[in-house]
Amino acid sequence: MKLTRGSIRWRLSIGAILAVVLALLLSDLALSVMFHRQVTRLTSQELEAKSMALVAGFEGDQPPAAPPDDIGGDRRYLQPYSGLYWQIEVDGRTHRSQSLWDTVLPLTAAMPGRGRAELYGGDGPDGQRLLILDRSIRVGADGHPVRIVVAVSTALMDEAQQLFDRDLVPALVILGVLLILASIVQVAIGLRLFADVHRKVEALQSGRLARLGQDLPTEVRPLASAIDELLDDRDRRIERARHRAADLAHTLKTPLQALHGETSRLRQSGQNEAADAIDEIAEQIRGSVDRELGRARIGAEGSADLAQVVERIAAVLRRTARGDEIGIITQVPSGMPVRIDAYDLTEALGSVAENALRHARERVVIRAEAKGRRIILLIEDDGPGVPPEQLDEVTRRGHFLDSGGTGVGLSLAKEIVEAADGDLLLQNLDPGFRVSLMFWRGPGT
């Protein structure tokens, strides 16, 4: 199926792509925030462990003393500006890890409440940004206040965040591509039902199926039911029109017979002129009735063998006055049923073929070719053709190019073909003229 901007496939695909991209962007943001919170929580737990190691170094019955520089043997506390720091304030004295060198940690003015700990950020040595855990305890029998502070540079956290984001982006891109491909496949599978509907409609057009029926996905069944109801209503209307036309024909038959009797009596009394006038009028009425009956038949369901109809019409044309002068060539293979009533096909093809015979110089060729589910019948003559500016007019009822025409043949043929969901096209050749009649294949093919 072609992907165009106005198609459902295009809209669903674009919608799915936009939804996937938006979801991945939000996922990237959410995962990044979650990772940052997790890193911060783990870092604070590590600071808590370092802080508790410092607290454990104070004995309740001993005066407070400075702890060792390396907490738990971590040598980074001995390396200047390493990113790991501790600081203790006790009895007005400040003890610091060697990693602070000649600086102090940026603490809040007020010491946290007894036994409490606070976590906050601040600027550290060498322009570092720190995460600081500030705690206060009481030690010794006299309850000496001790402020224990441990800190870590956020550069380590930022590096971990950058590494996570760097690895996350390609993973999300791959996931996005897979989701988009899955969405496109899902859309294609979901739109398969339209292909099923299209095949059923084609079968409906070709006469292989009378109605769409309910053998369709649930979502499409209401549409199929509506189409079937329209087809039922169309058939009922056509049937009523045929009945009315038949009733009209029977209604007029008796008055026409009565007129014929009157003309016979007029001729017997020597009034031939009046009788001829009445006969002429009666014939016009009979012709109109026959023509309307023919039009009422247009669109009747049925199938016709194209080769048989063509040969039958060619045989009739060969017995006409020009049939001895013009070569009539037929090239229609057998086994080409078309979806049109045989009577309608005979009337339409006869009108077109008779017109071609009237204008031909030496030959008329009637041939057929198949194109997919369509069959194209071509009627060609080597006559003068039709002026290009009049091509669109010759199929209008009442229009004819010479005095030998009635202006009905081509227009009626066009009505019959179009009523069978076909088409009639006119084309000038060099030399000659071509009429193309396109029909749907009949059942059995």
Side-chain angles (χ1 to χ4, degrees), residues 287 291 294-295 298 304-334 336 338-372 374-441:
R291 184 170 61 250
R295 293 183 63 185
I298 292 176
D305 188 307
L306 187 59
Q308 290 182 4
V309 174
V310 168
E311 292 300 331
R312 189 162 56 247
I313 291 175
V316 173
L317 293 178
R318 291 187 181 104
R319 289 195 295 268
T320 62
R322 297 209 71 195
D324 295 332
E325 305 172 7
I326 305 298
I328 301 175
I329 304 169
T330 59
Q331 299 173 348
V332 180
S334 60
M336 275 192 172
V338 290
R339 190 170 64 86
I340 185 174
D341 181 78
Y343 177 87
D344 291 346
L345 177 61
T346 301
E347 187 169 0
L349 181 54
S351 298
V352 177
E354 183 181 0
N355 184 73
L357 183 65
R358 187 168 63 249
H359 294 92
R361 292 191 179 99
E362 295 182 359
R363 70 179 184 277
V364 173
V365 179
I366 305 176
R367 57 190 179 90
E369 56 186 40
K371 287 190 176 181
R374 293 271 193 165
I375 291 178
I376 303 177
L377 182 65
L378 305 172
I379 304 176
E380 302 171 347
D381 64 73
D382 57 353
V386 176
E389 64 275 8
Q390 297 189 36
L391 274 175
D392 295 333
E393 300 179 5
V394 293
T395 54
R396 290 186 311 171
R397 184 173 293 274
H399 183 91
F400 49 88
L401 300 179
D402 54 29
S403 58
T406 63
V408 175
L410 284 179
S411 64
L412 182 59
K414 186 174 180 65
E415 290 177 8
I416 293 173
V417 173
E418 290 181 348
D421 296 325
D423 201 2
L424 184 146
L425 302 176
L426 308 179
Q427 180 184 2
N428 279 313
L429 303 177
D430 188 20
F433 189 68
R434 173 189 293 162
V435 180
S436 302
L437 291 83
M438 289 174 279
F439 303 99
W440 288 97
R441 282 182 177 268

* Using the side-chain contact (heavy atoms from CB on, under 4.5 Å) rule, take I313 and I366 through it: C-alpha gap first, then chi angles, then the decisive distance, then the call. => CA-CA 10 Å; I313 291 175; I366 305 176; 5.6 Å; no

Atom of [X], atom of [Y] and distance for their closest heavy-atom approach:
| X | Y | value |
| --- | --- | --- |
| I326 | A360 | CD1-O, 3.7 Å |
| G385 | N428 | CA-OD1, 3.5 Å |
| Q427 | F433 | O-CD1, 3.4 Å |
| A368 | P333 | O-CD, 4.4 Å |
| M336 | I375 | CB-CD1, 3.9 Å |
| V309 | A304 | CG2-CB, 4.4 Å |

Enter the distance from [X]:[atom1] to [Y]:[atom2] here, rounded to the nearest 0.5 Å.
| X | Y | atom1 | atom2 | result |
| --- | --- | --- | --- | --- |
| L306 | R441 | CG | CZ | 10.5 Å |
| S334 | D305 | OG | CG | 7.5 Å |
| E347 | D341 | CD | CG | 10.0 Å |
| D381 | R363 | CG | CZ | 9.5 Å |
| L378 | E369 | CG | CD | 5.0 Å |
| I340 | L437 | CD1 | CG | 8.5 Å |

Only residue of L357, V365, L349, N355 satisfying side chain to side chain contact (heavy atoms under 4.5 Å, CB included) with I379 is L349

Residue pairs meeting salt bridge (charged side-chain N to carboxylate O under 4.0 Å, His left out), one or both in residues 310-320, sequence neighbours left out, come to none

Distance-only, no hydrogens or angles: does the D382 side chain make a donor-acceptor pair with backbone N or O of E362 under 3.5 Å?
yes

Practice prompt. Step through the shown structure and confirm whether more than 12 heavy atoms of other residues, nucleotides or ligands are within 6.0 Å of CD on E389.
Written response: yes

Is R434 close to L426 at the side-chain level, that is, under 4.5 Å between some pair of heavy atoms?
no

Check your understanding: Is there a side-chain contact between R367 and E380 (heavy atoms, below 4.5 Å)?
Key -> yes

- Is there a side-chain contact (heavy atoms from CB on, under 4.5 Å) between M438 and L377 once you walk through the steps? CA-CA 6 Å; M438 289 174 279; L377 182 65; over 6 Å; no

Go through the steps for F439 and R374 under the test side-chain contact (heavy atoms from CB on, under 4.5 Å), then give the verdict.
-> CA-CA 6 Å; F439 303 99; R374 293 271 193 165; over 6 Å; no

